[in-house]
Each structure stands twice: as C-alpha cells, then as structure tokens.
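Okay, so here's the structure we're looking at.
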Amino acid sequence: MVGHPSSPKHLINSNSLIFGFFIFISSTHKNISRQADMDYTYAPGRNHLFVPGPVNIPEQVLRAMNRNNEDYRSPAVPALTKTLLEDVKKIFKTTSGTPFLFPTTGTGAWESALTNTLSPGDRIVSFIIGQFSLLWVDQQKRLGFNVDVVESEWGRGADLDALASKLAADTAHTIKAVCIVHNETATGVTNNLATVRKILDEYQHPALFLVDGVSSICALDFRMDEWGVDVALTGSQKALSLPTGLGIVCASPKAIEASQTAKSLRVFFDWKDYLKFYKLGTYWPYTPSIQLLYGLKAALDLIFEEGLDNVIARHTRLGTATRLAIEAWGLKNCTQKEEWFSDTVTAVLVPPYIDSSEIVRRGWKRYNLSLGLGLNKVAGKVFRIGHLGHLNDLQLLGCLAGVEMVLKDVGYPVKLGSGVAAASAYLQNNIPMIPSRI
C-alpha cells in the first residue's frame, strides 16, 4: 500500500517528518544564537590589540605553530630543544645561565624561581609598586617565606634606599634573596636593576637576586650576567609575541647551587628533574607543548633577524612617542619620574570626572581597540597602552588615533590629531630605514 493517508506506514513517515522539522527548528535556533554570540564580538578588520600582554602574534609564528602533534621522544624535538635553550640564553644576555622552558604562565615561573632556590621561613626582601609585584609578594607569603615587604606609592619605583638600609643592617646575612619586578605592568614603572646589584655589592651581601622580567625581557635592556641576576624569568605572551603558555626561567650557577639545598616543596617546577633529562639529552621530564616550541623558535628567529639591540631601540622609540602623545593630550603619566618610565606600557591618568574603565569599554565596543584596564588601587583612574612585542610605529599611531576618538567620546576635551601629530613628528625623525630594504 503506497501513499494511503490512513496507512500505519504513512503515519510513521508523517511523525518522522514532524519530528525532523522540530529538530531542524531547534538546530536553526541554536545556530542563530551561536551566530549572535559571534556577532557580538565580530568586527571587520583586525582588532587593535594594545593591552600590555597578551600581544600581537606575528604571522610567521602562527604558521610555525600550525602543525600536528609529534613524538617528543623522537630525535627531532630534543634537537629543537637544544637549539632553543642556547637561543634563549641570548635574550637574557647570559653565557653562564641555565634556562628552563616550563609549560606554564609567568605565575608558574615565579613559583619555580622561589621554590628551587629558597627554603620555608627564609627571609626575603620584596617590593610592592603595583598589582603584579603585589601578587608576587602574595605568592611568596603563601609559599611560607618570611617576606620583608617594601611598599611604595603606585606610580613610583622600588625604594632602593630602603633596600640599602636593610642590607647594611643585616650583618648576619639573614636575608636570603632580594625579589623585584623589573617592569611593573600595572603602573608602567621600570626599576633600575643595575642599581640593585650595585647596592648588593656595596654591602658585600650574598643574597640571591631574583627578577621578574615578564614584561621587560626582549623589549627593555636586560643584562643577566652583567647585573649579577641569579634568577630571571619571563612569559611567552609578552615581548616574545607568542600565545600564553611558556614560562621561561634562567638560573645563574649560584642559583643552581642554591637549588641543591633548597627545601621548598616542588614537583612540576623542580629544576633537578630538568637537569637530569638535560644530561640524558632528551631534555623533557614530561610532555612539552610541541606547537609552542616551534612558535618560540620562529619568534626568536624574528628577534635575532631584527637584532636584539634594535628590538630594544624600537621599544624605546614607541614608548617615547606614546608619552609625547599623552603630553599633547594634556594628560599625565601614572609614572611619577622620568627615570621610571616604561618603554613597554604606559599607564595614563584620567581626570576625576572620567572613569577610565569606560575608555576601555568604549574603545573595544566602537573602535575595535583593546586597551588595558586600571587594576586594584588605580582601577577607574588609569587606562594602559601596551606598546610591546611585534609592533611597529604605524600600528602605534593607529592606536593613538583611536584613543583620541575615545577620549572625545567620553567627554574629555582633546583636540583630535594632537597626540598623533606629536608622536608622528618624533617618529618621522627617529624611525630608521628597514635594514632588509636598503
């Protein structure tokens, strides 16, 4: 019986059609909802990413990471790792340091630096000058160290006179480490590491010198060997211009020696495990992120092709141009003295009648521009312009033009083009020729 309306077969087919129709409607509704979610974040062109990390990822790095998984025990990955370890030493400017590549963030790198060199109860001097130095101090306390905190007003650098006083009084050498954030991302403050080393040497103090270089290494001048830094660390998502996921630590021979007797509990971040596999020539005590390793190789190749000193000079130029724009807008830098100005991030103070969070929201919603929020004590008071990583002068000018429009939107009486003009005038006189195109 074919096609008879009262036949059971026909009823079954009808029910199936009705059921299928409802499935189709449900699926369509979900797709529309999903598309609506996508439309909420979609904008034509590229997002102008000017937070101080994560930063723009170069196309060469994206292509290098676009690969399948592979056996990390094969000869290829150890050979790659060996090359990476030698190359990483160059960005720290060390010949004697031992690098470690942890699949982690900067927070994990902090923990590795502390737990491998210190024992619970050890006295350390640490500085709070902003949100990220505050978080590192919090970690130090939670790991059981006796933290002697030196706190400064946010916008000022570390109080190195206080450090000198503490070291002078510590004739028994109870201070086991001095911990400092090289570049405080929350306030745009850069500390003088050479002066810290000078103070340690002046008092002939044996304390370890531990440095957070998360937003400085590969962008600001950093000299591990020359400044006698014992442990330095950085994160892949900052000036290296990689995705988040690699915490890179470099330890001096003195730090490696300290790790032999340090009693802090550690497993995942234990240098001993890495050193054992370094000797075996296989390098990895657990599975690494293969894609990030290839990305790191590509990122380092780009840095070395440009020249590390040229990379640092480019960041100096971008930082200077940003500060000139802010001055032209009639706004102030959160950083209170020129000696502390950062060339990777600038925190801009806004008038009391403006909520800086609204600047960040408006920039993203209207202009596809991502700026950094003010954090903790400076929340609502500053917005941050990140100018680090794989970034050039014209990209920065686009950001500054966007900021001017946002300022106008939120009621600040900025003259459109004023900051861009000030930055352009400086850059036009200071941008070098591209070496590969001369």
Side-chain angles (χ1 to χ4, degrees), residues 50-54 105-107 110 124-143 145 147-163 178-192 196 210-216 220 235 237-238 319 322-323 326-327 329-364 370-388 403 406-407 410-412:
F50 283 86
V51 297
T105 64
T107 304
W110 280 347
I124 59 180
V125 175
S126 197
F127 302 87
I128 294 178
I129 61 170
Q131 177 65 9
F132 295 96
S133 48
L134 172 69
L135 291 174
W136 198 16
V137 166
D138 176 65
Q139 185 188 73
Q140 292 159 14
K141 291 178 178 179
R142 290 162 70 180
L143 287 169
F145 304 117
V147 188
D148 191 342
V149 179
V150 179
E151 188 161 5
S152 299
E153 180 185 353
W154 288 28
R156 297 182 63 84
D159 186 347
L160 299 186
D161 290 336
L163 173 64
V178 173
C179 301
I180 191 167
V181 172
H182 186 194
N183 189 76
E184 173 54 71
T185 320
T187 54
V189 168
T190 300
N191 285 308
N192 191 321
V196 177
L210 277 55
V211 175
D212 167 352
V214 170
S215 62
S216 66
L220 306 182
Q237 78 279 13
K238 300 287 188 175
T322 303
R323 291 188 290 272
I326 292 164
E327 185 179 341
W329 296 333
L331 295 175
K332 292 184 178 180
N333 196 323
C334 178
T335 309
Q336 295 181 20
K337 288 186 179 180
E338 185 176 352
E339 66 185 271
W340 297 318
F341 284 166
S342 169
D343 287 328
T344 60
V345 55
T346 302
V348 186
L349 286 166
V350 298
Y353 63 88
I354 293 176
D355 179 355
S356 66
S357 300
E358 180 57 28
I359 291 174
V360 176
R361 281 193 294 269
R362 178 60 68 101
W364 186 76
S370 295
L371 300 167
L373 287 164
L375 303 173
N376 200 324
K377 288 185 178 182
V378 292
K381 300 176 182 178
V382 309
F383 67 93
R384 294 174 296 147
I385 302 174
H387 33 83
L388 74 159
V403 172
V406 175
L407 290 171
V410 300
Y412 180 73

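Just so you know, these numbers come straight off a predicted model, no measurement behind them. The residues of the chain are indexed from 1 along the displayed sequence.
Under the rule for a side-chain hydrogen bond (donor to acceptor under 3.5 Å, both in side chains), the partners of Ser357 that lie at least two apart in sequence or sit in another chain are Asp355. For Val147, the side chain to side chain contact (heavy atoms under 4.5 Å, CB included) test picks out Ile124, Ser126, Val137, Gln140, Lys141, Phe145, Val149, with sequence neighbours left out. Residues satisfying the salt bridge (charged side-chain N to carboxylate O under 4.0 Å, His left out) criterion with Arg323, sequence neighbours excluded, are Asp343. With sequence neighbours excluded, the residues that form a side-chain hydrogen bond (donor to acceptor under 3.5 Å, both in side chains) with Thr185 are Ser215. Applying the side chain to side chain contact (heavy atoms under 4.5 Å, CB included) rule to Val211 yields the partners Ile180, His182, Leu193, Phe209, Phe222, Val229; only residues at least two apart in sequence or on another chain are considered. Looking at residues two or more places apart in sequence or on another chain, you find no salt bridge (charged side-chain N to carboxylate O under 4.0 Å, His left out) involving Glu339. Scored by the side-chain hydrogen bond (donor to acceptor under 3.5 Å, both in side chains) test, Glu358 finds Arg361 as partners (sequence neighbours excluded). Residues meeting the side chain to side chain contact (heavy atoms under 4.5 Å, CB included) test with Glu153, sequence neighbours left out: Arg156, Gln336. A search for side-chain hydrogen bond (donor to acceptor under 3.5 Å, both in side chains) contacts involving Trp340 returns nothing, not counting sequence neighbours. The side chain to side chain contact (heavy atoms under 4.5 Å, CB included) test applied to Asp148 returns Arg123, Val125, Lys166, not counting sequence neighbours. Remark: Trp154 engages no residue in a ring-ring contact (aromatic ring centres under 6.0 Å, His included) (not counting sequence neighbours).
Considering only heavy atoms from C-beta on, Thr105 stays 4.5 Å or farther from Gln237 through its side chain. Two residues are said to be in side-chain contact when any heavy atoms from C-beta on lie closer than 4.5 Å; Phe383 and Val406 fail this criterion. Proximity of Phe341 to Asn333: side-chain heavy atoms (C-beta onward) are separated by under 4.5 Å at one or more points. In this structure, Thr344 and Pro52 have side chains that are not in contact, with every pair of non-hydrogen atoms separated by 4.5 Å or more. Looking only at side-chain heavy atoms (C-beta outward), Phe127 and Asn191 stay at 4.5 Å or farther from each other. With a 4.5 Å cut-off on side-chain heavy atoms, Tyr412 and Ile359 do not count as touching.
Between the OG1 atom of Thr322 and the CZ atom of Phe50 there is a distance of 8.5 Å, given to the nearest 0.5 Å. Separating the CG atom in Asp212 from the CZ atom in Phe132 is a distance of 9.5 Å, to the nearest 0.5 Å. Separating the CG atom in Leu388 from the CG atom in Leu220 is a distance of 8.5 Å, to the nearest 0.5 Å.
The minimum heavy-atom distance linking Gly157 with Ser152 is given by the pair O-OG, 3.2 Å. Closest heavy-atom contact between Leu371 and Val360: O-CG1, 3.4 Å. Between Thr187 and Gly130, the shortest heavy-atom distance links the atoms CG2-CA, 4.4 Å.
Checking Asn183 against Ser342 by side-chain atom types alone, a donor-acceptor pair falls below 3.5 Å.
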With a 3.5 Å cut-off and sequence neighbours excluded, list the donor-acceptor pairs that the side chains of residues 345-352 form with protein atoms.
| unit_1 | atom_1 | unit_2 | atom_2 | d |
| --- | --- | --- | --- | --- |
| Thr346 | OG1 | His387 | NE2 | 2.8 |

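A salt bridge links Glu151 with Lys377: at least one charged nitrogen is closer than 4.0 Å to a carboxylate oxygen.
No option in Val181, Leu134, Val150, Leu135 other than Leu134 meets the side chain to side chain contact (heavy atoms under 4.5 Å, CB included) test with Ile128.
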